[in-house]
Each structure stands twice: as structure tokens, then as C-alpha cells.
Amino acid sequence: MGEIFQGLDPVYDENSKVLILGSFPSVKSREVAFYYGNPQNRFWRTLSSFFGEDLPKSTEEKRAFLKRNKIALWDIVTECEIVGSQDAAIKNFCVADINSLLQNSQIGFIILNGGKAFGIFEENYGGIKIPYVKLTSTSPANPRFTTKEWFDVLSRAFDRT
């Protein structure tokens with residue numbers, strides 16, 4: 001059995017309306033102890049562009065950005081064995097207790113950042129009554145990512161049609 005790594009705590013408050021779930025923090029994210037810590041990941045650039053805001057740089061700026069825009073952030077896997085950062089390497093994992101987060105927020109829409117997050121979510125929460133959608137991963141390793149796809153779903157999630 002390999003080394004077990006812990007994920008990050010969820011970021012949300014009682015006003016959060018949209019939950020974005022990734023799979024598990026990358027090596028870089030675990031090093032900086034915050035979500036999407038690899039500067040090559042498109043996550044923060046995509047969201048800041050969608051909301052017309054400056055790119056948040058520090059963890060404090062990112063937390064403020066999420067709060068201001070009513071976004072909750074977490075990963076579907078809370079601990080696992082993993083080598084490197086690839087989703088395919090995730091083994092022997094624990095699944096996040098999404099229900100506890102939902103009870104303490106106003107989440108009405110869930111975005112799954114990538115196929116692994118979506119698969120684990122569907123396996124464990126497929127019957128959930130909240131609308132959810134899978135988007136292509138913002139990972140720099142994903143050549144299929146498109147900003148338009150993310151903007152279209154974010155527009156739906158935040159009622160900006």
C-alpha cells in the first residue's frame with residue numbers, strides 16, 4: 001500500500017450558490033495548501049475572466065473571490081493513495097460528504113471539473129436532486145479544454161443568459 005494523502009478542506013459559506021468539485025489536489029496544490037495551485041491550470045484564469053475580475057494571486061485573494069462570487073470549492077476525493085497528480089493514479093480513496101456542505105449553504109448547481117470527479121460523483125451522488133454537469137478539466141494536461149464550454153455552463157449556473 002502506498003502513501004495516503006489528505007485533500008483540502010472545502011471552501012464555502014452559507015451564501016455559496018454554486019459548488020465546483022474537482023477530483024483531488026495536484027502535488028502543487030497540496031504544496032501551497034489551496035485549490036488549483038499550479039499556475040498553468042486554467043481554473044483561476046477562466047473564473048476571473050468570466051466574472052470580469054483581476055486574476056486572484058494569493059490564497060486570501062482566491063478565498064475572497066470565491067466568497068464574493070458565491071462559489072464553493074471542494075474535491076470529491078478527500079484522501080487517497082496517489083503518485084504525482086494524475087487522476088488515473090487515484091486509488092483507495094474516501095469520498096467527500098457533499099450532503100454536509102449542502103445543508104450549510106445555498107448550493108443549487110454543481111459543476112464537476114473533469115471526468116474523474118464526475119465519475120466518482122455519479123457513483124456516490126447520482127440521485128441528487130441538485131442539477132450537476134461535467135465539464136472538461138481545467139488541468140494543463142487536458143488538450144480538450146475550452147473556455148467557451150466553461151462560460152456557457154457558468155452562465156447557466158449564475159443565471160446569466
Side-chain angles (χ1 to χ4, degrees), residues 4-26 29-30 32-38 41-53 56 58-82 85 87-88 90-139 142 145 147 149-161:
I4 301 287
F5 290 94
Q6 298 297 313
L8 303 169
D9 289 337
V11 178
Y12 74 103
D13 67 19
E14 67 279 358
N15 298 311
S16 299
K17 293 188 185 255
V18 174
L19 170 61
I20 302 176
L21 279 174
S23 53
F24 191 75
S26 68
S29 294
R30 293 191 308 265
V32 301
F34 203 69
Y35 295 92
Y36 305 100
N38 181 341
N41 192 298
R42 303 170 185 105
F43 182 84
W44 293 109
R45 287 192 309 273
T46 301
L47 262 64
S48 61
S49 178
F50 175 78
F51 285 103
E53 295 190 25
S58 69
T59 296
E60 295 75 26
E61 288 174 354
K62 291 172 182 176
R63 282 185 184 280
F65 175 91
L66 295 170
K67 182 176 176 127
R68 187 169 54 253
N69 291 296
K70 300 182 173 156
I71 299 169
L73 201 51
W74 205 7
D75 287 316
I76 192 67
V77 172
T78 58
E79 69 176 47
C80 67
E81 282 181 59
I82 189 169
S85 299
D87 283 354
I90 295 172
K91 299 188 308 193
N92 301 321
F93 57 86
C94 295
V95 177
D97 181 7
I98 303 299
N99 292 322
S100 67
L101 188 146
L102 297 177
Q103 291 168 0
N104 295 299
S105 67
Q106 298 176 34
I107 302 295
F109 197 91
I110 300 171
I111 295 172
L112 289 309
N113 189 355
K116 184 73 165 187
F118 179 77
I120 295 170
F121 180 85
E122 276 230 307
E123 207 171 280
N124 292 275
Y125 295 101
I128 200 165
K129 301 294 184 226
I130 295 172
Y132 62 93
V133 66
K134 174 181 88 168
L135 286 175
T136 55
S137 171
T138 56
S139 166
N142 179 17
F145 172 84
T147 304
E149 178 192 35
W150 270 79
F151 277 24
D152 288 349
V153 169
L154 289 168
S155 291
R156 274 190 10 232
F158 290 97
D159 297 322
R160 291 185 177 184
T161 50

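These values consider heavy atoms only, across backbone and side chains, with no hydrogens, waters or symmetry-generated copies.
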Q.
Just verifying a value: how many Å separate Asn124 CG and Ile98 CD1, rounded to the nearest 0.5 Å?
A. 9.0 Å
Q) Looking at side-chain heavy atoms only, is the closest gap between Asn38 and Phe43 below 4.5 Å? A) no
Q: May I ask you to check whether over 12 heavy atoms, not counting those of Asn99, lie within 6.0 Å of atom CG?
A: yes
Q) Is it true that a side-chain atom of Asn41 and a backbone atom of Gly37 form a donor plus acceptor pair closer than 3.5 Å? A) no
Q. Going by heavy atoms in the side chains, are Tyr132 and Phe118 under 4.5 Å from each other?
A. yes
Q. Is Phe5 close to Pro25 at the side-chain level, that is, under 4.5 Å between some pair of heavy atoms?
A. no
Q. Is there a donor-acceptor contact under 3.5 Å from the side chain of Arg42 to the main chain of Ser139?
A. yes
Q | Inter-residue atom distance Lys116.NZ - Phe121.CZ, 0.5 Å rounding | A | 16.0 Å
**Q.** Non-hydrogen atoms of Ser105 and Tyr12 that approach each other most closely
**A.** CB-CD1, 4.2 Å
(Q) If I compare all heavy atoms of Trp150 with all of Thr46, which pair ends up nearest, and what's the gap? (A) CB-CG2, 3.8 Å
Q. Looking only at heavy atoms, which two atoms of Leu135 and Glu149 are closest? And how far apart?
A. CD2-CG, 3.4 Å
Q: List the atom of Lys17, the atom of Gln106, and the distance in Å for their closest heavy-atom pair.
A: NZ-OE1, 3.4 Å
Q. In Å and rounded to the nearest 0.5 Å, what is the CD1 to CZ distance from Ile120 to Phe24?
A. 10.5 Å
Q | Flag side-chain contact, heavy atom, 4.5 Å: Val153 against Arg156 | A | yes
Q. Is the backbone of Lys67 close enough, under 3.5 Å, to the side chain of Asp13 for a donor and an acceptor to pair up by distance?
A. no
Q.
If you define the side chain from C-beta out and look only at heavy atoms, does anything of Glu122 sit under 4.5 Å from Lys134?
A. no
Q: Measure across Phe158 and Asn69 and return the closest heavy-atom pair with its distance rounded to 0.1 Å.
A: CE2-O, 3.2 Å
Q: Could you please spell out the steps behind the side chain to side chain contact (heavy atoms under 4.5 Å, CB included) verdict for Leu112 and Ile110?
A: CA-CA 7 Å; Leu112 289 309; Ile110 300 171; 4.0 Å; yes
**Q.** Stepwise side chain to side chain contact (heavy atoms under 4.5 Å, CB included) check, Trp44 with Thr138
**A.** CA-CA 9 Å; Trp44 293 109; Thr138 56; over 6 Å; no
Q. Per the side chain to side chain contact (heavy atoms under 4.5 Å, CB included) rule, which among Ile71, Leu101, Val18 passes with Ile107?
A. Leu101
Q: Nearest 0.5 Å please: distance from the CG atom of Asp75 over to the CD1 atom of Ile20.
A: 11.5 Å
Q | Rounded distance [0.5 Å steps], OG1 in Thr78 versus CG in Leu8 | A | 11.0 Å
(Q) Just so I know, are the side chains of Ile76 and Val95 near enough to count as touching, which here means a heavy-atom distance under 4.5 Å? (A) yes
Q: Taking the side chain as every heavy atom from C-beta outward, state whether Leu66 and Tyr35 have any pair of such atoms under 4.5 Å apart.
A: no
**Q.** Least distance between heavy atoms, Glu79 atom then Gln6 atom
**A.** OE1-NE2, 2.9 Å
Q: Decide yes or no for Tyr36 and Leu73: does some side-chain heavy atom of the first lie under 4.5 Å from some side-chain heavy atom of the second?
A: yes
Q) Say you draw a straight line from CD1 of Ile130 to CG of Leu102; how long is it, rounded to the nearest 0.5 Å? A) 4.0 Å
